[in-house]
Amino acid sequence: MNSILSSVLPAPEDPILSVYYACRDDPSPVKLNLTAGTYQSEEGKPHVLEVVRRAEQQLANDLSWNKEYLPLNGLADFNKLSAKLILGDDSLAVKENRVVTFQCLSGTGSLRVGAEFLAQHHQQRVIFVPNPTWGNHPNIFNMAGLSVEHYRYYDPETRGLDFKGLLEDLGAAPSGAIVVLQACAHNPTGVDPTFEQWEKIRKIVRSKSLLPFFDNAYQGFASGDIDSDAQAVRMFVADGDECLIALSYGKNMGLYGERVGSLTIVCKSEDVAKKVESQVLLVVRAMYLTPPIHGAAIVTTILKNSDMYKDWTIELKGMVDRILSMRQELYEALQARGTPGDWSHIIKQIGMFSFTGLNEKQVRLMAKEHHIYMTYDGRISIGGLSSKTVPRLADAIHAVVTRIA
Ligand code: PLA
């Protein structure tokens, strides 16, 4: 039978999802999935925060709670609290009513709505993303009709920031271009600029009239502290100029599948903010009408209640501390095995991931012979490790590094 859709070509493989599926289909009982950046418990199980369970109980017992449509921009309290989380308690921009926030579908949905708005209303269609960056960034921005370019970010030689290259590339970007900046805990490299470097980045961004679009997917996951991890963004907002911020509660509240996040747009004046808001609402209405209610209700319950907020920050710090000890254990295990090479980057890098430096051949061998899965660029999710699995990972890294240079 003839298909009218027969001319559709298969999509290229997604670099993160394809290894994720390969791991899922591996029948080995000892397989280890370090592909996607999700935090697992020490037992290797998906982890739901205690405070999230409590918030859900509270919501279930509250009979005044209903399932009506939310407004186009989502839960009003959620938006206020989300703006406060990233901009701080006494943000001048908020006081001056020049900030608009929209509850969106997690980090991805917030980036997508922001991109769609920019593609329609920003005069400059070029968007710069770091090299390397989260693999979905180019998809999100291309699909919205923006044209994606890269700026230098990571230097494989030093396993650190290519700060000179970064400044050169942003300095050469066309005026008005959009620049994606990962707010903290850079994915996939685990390398962030220092605050002095952020200040220099801010200066060049402002002097070239570039428009910063922060991807804030890991607030709290770099330092364990919500406010410290917001410093870079707050530095930009403090200068009174404009920016967009996509915030995700996927990782810091472990609400991955609830798809809850926000898009905040900081404008120069209240008048601009009103116009921007009206256009973003049009984008939202055409894309999904209104955002989902449950995840936003959980987040709002936690952020609103000072005891729950405190308990959340303690649990968040607990996750970050466990990740730090996994880094230390892995580093020490490789040292103990005398694995060739310098592995100190494992303890220097921050956030959910380590960019191990393993090449694609070594990564493939890790999967084939050791049933350990990571992305082909050598990225492992440290949040997926436990004291039980570190020795196996270290044995496998030692074996592949010794076999293939
Ligand atoms: N931004 C960055 C930098 C990310 O790493 C991710 C998720 C997101 C945004 C979007 O997350 P959200 O929509 O769930 O809020 N990156 C994951 C997931 C964790 C994935 O790509 O499949 C990763 O493994 O890189």
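Taking CD1 of I380 as the start and OG1 of T375 as the end, the distance is 9.5 Å to the nearest 0.5 Å. To the nearest 0.5 Å, the span separating OH on Y256 from NE2 on H47 amounts to 8.5 Å. Rounded to the nearest 0.5 angstrom, C23 SG and L34 CG are separated by 8.5 Å. Rounded to the nearest 0.5 angstrom, I302 CD1 and M253 CE are separated by 4.5 Å. In this structure, N187 CG and S381 OG are separated by 9.5 Å, a value rounded to the nearest 0.5 Å. Here CG of L70 is found 9.5 Å from CG of N79. Values are rounded to the nearest 0.5 Å.
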So Y249 and N252, side-chain contact (heavy atoms from CB on, under 4.5 Å) or not? Walk me through it. CA-CA 6 Å; Y249 291 100; N252 60 15; 3.7 Å; yes
Would S387 and E329 satisfy side-chain contact (heavy atoms from CB on, under 4.5 Å), going step by step from the backbone distance to the final call? CA-CA 7 Å; S387 294; E329 285 181 27; 3.1 Å; yes
What do the steps show when you test F195 against W198 for ring pair (Phe, Tyr, Trp, His ring centres under 6.0 Å), and what is the final call? CA-CA 5 Å; F195 290 129; W198 271 118; 8.3 Å; no
Could you walk me through whether D169 and R152 satisfy the salt bridge (charged side-chain N to carboxylate O under 4.0 Å, His left out) test, starting with their C-alpha distance in whole Å, then the side-chain angles of each, then the deciding distance to 0.1 Å, before giving a yes or no? CA-CA 7 Å; D169 290 351; R152 277 171 283 170; 2.9 Å; yes
Decide yes or no on side-chain contact (heavy atoms from CB on, under 4.5 Å) for L385 and L393, but give the supporting numbers first. CA-CA 9 Å; L385 274 178; L393 175 62; 3.7 Å; yes
May I have the step-by-step check of side-chain contact (heavy atoms from CB on, under 4.5 Å) for I245 and L87, ending in yes or no? CA-CA 10 Å; I245 310 149; L87 302 180; 3.8 Å; yes
What do the steps show when you test S223 against D225 for side-chain hydrogen bond (donor to acceptor under 3.5 Å, both in side chains), and what is the final call? CA-CA 5 Å; S223 67; D225 182 79; 5.0 Å; no
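More than 12 non-hydrogen atoms from other residues, nucleotides or ligands lie less than 6.0 angstrom from CZ of R24. Counting non-hydrogen atoms of other residues, nucleotides and ligands closer than 6.0 Å to NZ of K304 gives a total of 12 or fewer. The number of heavy atoms from other shown groups lying within 6.0 Å of OH (Y20) does not exceed 12. Summarising the local packing, CE of M287 is surrounded by more than 12 heavy atoms from other residues, nucleotides or ligands at distances under 6.0 Å. Sparse packing is recorded around NZ of K317, with 12 or fewer heavy atoms of other residues, nucleotides or ligands lying under 6.0 Å away. Heavy-atom neighbours of K80 NZ from other residues, nucleotides or ligands within 6.0 Å: at or below the threshold of 12.
Side-chain contact of S354 with Q349: a donor-acceptor pair under 3.5 Å is present, judged by distance alone. Of the N and O atoms on the side chains of D342 and S344, at least one donor lies less than 3.5 Å from an acceptor on the other residue. Of the N and O atoms on the side chains of T38 and Q40, at least one donor lies less than 3.5 Å from an acceptor on the other residue. No side-chain donor-acceptor contact under 3.5 Å links D77 and T300. Side chains of T35 and N33: a donor on one and an acceptor on the other come within 3.5 Å. Under the 3.5 Å distance criterion, with hydrogens and angles disregarded, no donor-acceptor pair is assigned to the side chains of E43 and S386. Between the side chains of T101 and T264, at least one donor N or O sits under 3.5 Å from an acceptor N or O.
Taking each heavy atom of G250 and S106 in turn, the nearest pair found is N-OG, 4.4 Å. Taking all atoms of both residues into account, the shortest heavy-atom contact from V276 to C267 is CG2-SG, 4.0 Å. Nearest heavy-atom pair across E116 and V283 is CG-CG1, 3.6 Å. Here the closest heavy-atom approach between residue V99 and residue V94 is recorded as CG2-N, 3.8 Å. Shown here for A246 and S110, the closest heavy-atom pair between the two residues is CB-CB, 3.7 Å. Closest heavy-atom contact between R327 and I346: NH1-O, 2.9 Å.
Judged by distance alone, with hydrogens and angles left aside, the side-chain atoms of Q362 form a donor-acceptor pair with the main-chain N or O of I404 at under 3.5 Å. The main-chain N or O of D241 is never found under 3.5 Å from a side-chain atom of K268 such that the two would form a donor-acceptor pair. The backbone N or O of P132 lies less than 3.5 Å from no partner atom in the side chain of H150, so there is not a single donor-acceptor pair. Looking at R392, its side chain does come within 3.5 Å of a backbone N or O of V30 through a donor-acceptor pair. Looking at E315, its side chain never comes within 3.5 Å of a backbone N or O of L49 through a donor-acceptor pair.
Between R98 and E96 there is a salt bridge, since a side-chain N of the basic residue sits under 4.0 Å from a carboxylate O of the acidic one. K95 and D90 are not joined by a salt bridge, as no carboxylate oxygen comes within less than 4.0 angstrom of a charged side-chain nitrogen. A salt bridge links E369 and R403; the closest N-O separation between the charged side-chain nitrogens and carboxylate oxygens is under 4.0 Å. A salt bridge links D311 with R54; the closest basic N to acidic carboxylate O contact falls under 4.0 Å. The pair R202-E199 counts as a salt bridge, with a side-chain nitrogen and a carboxylate oxygen less than 4.0 angstrom apart. Salt bridge status for E196 with K200: absent, with no side-chain N to carboxylate O gap under 4.0 Å. For R234 and D227, the salt-bridge test passes: some basic side-chain N is under 4.0 Å from an acidic carboxylate O.
Between W134 and H137, the ring-plane angle classifies as perpendicular under the 30° and 60° cut-offs. Classified by interplanar angle (parallel below 30°, tilted 30° to 60°, perpendicular above 60°), the ring pair Y153/H186 is parallel.
With I140 as reference, T108 is the one residue of V148, T108, V180, V129 to meet the side-chain contact (heavy atoms from CB on, under 4.5 Å) rule.
Side-chain contact between L111 and L244 is absent, with no heavy-atom pair separated by less than 4.5 Å. Counting heavy atoms from C-beta on, the side chains of F128 and L210 never come closer than 4.5 Å. Side-chain contact check for F141 versus F213: some heavy-atom pair is nearer than 4.5 Å. Inter-residue side-chain proximity for F236 and I201 is flagged as met; some heavy-atom pair is nearer than 4.5 Å. Between V260 and I298 there is no side-chain heavy-atom pair separated by less than 4.5 Å. At least one side-chain heavy atom of L105 sits under 4.5 Å from a side-chain heavy atom of P292. Inter-residue side-chain proximity for I293 and E68 is flagged as unmet; no heavy-atom pair is nearer than 4.5 Å.
For Y373 and Y21, the ring centers are positioned 6.0 Å apart or more.
Annotation: cation-pi geometry not satisfied between R159 and F355 (NZ/CZ under 6.0 angstrom from ring centroid, within 45° of ring axis). Cation-pi geometry between R379 and F353 is met: the NZ or CZ atom falls under 6.0 Å from the ring centre, inside 45° of the normal. Both cation-pi conditions hold for K251 and Y218: the charged atom is under 6.0 angstrom from the six-membered ring centre and inside a 45 degree cone around its axis.
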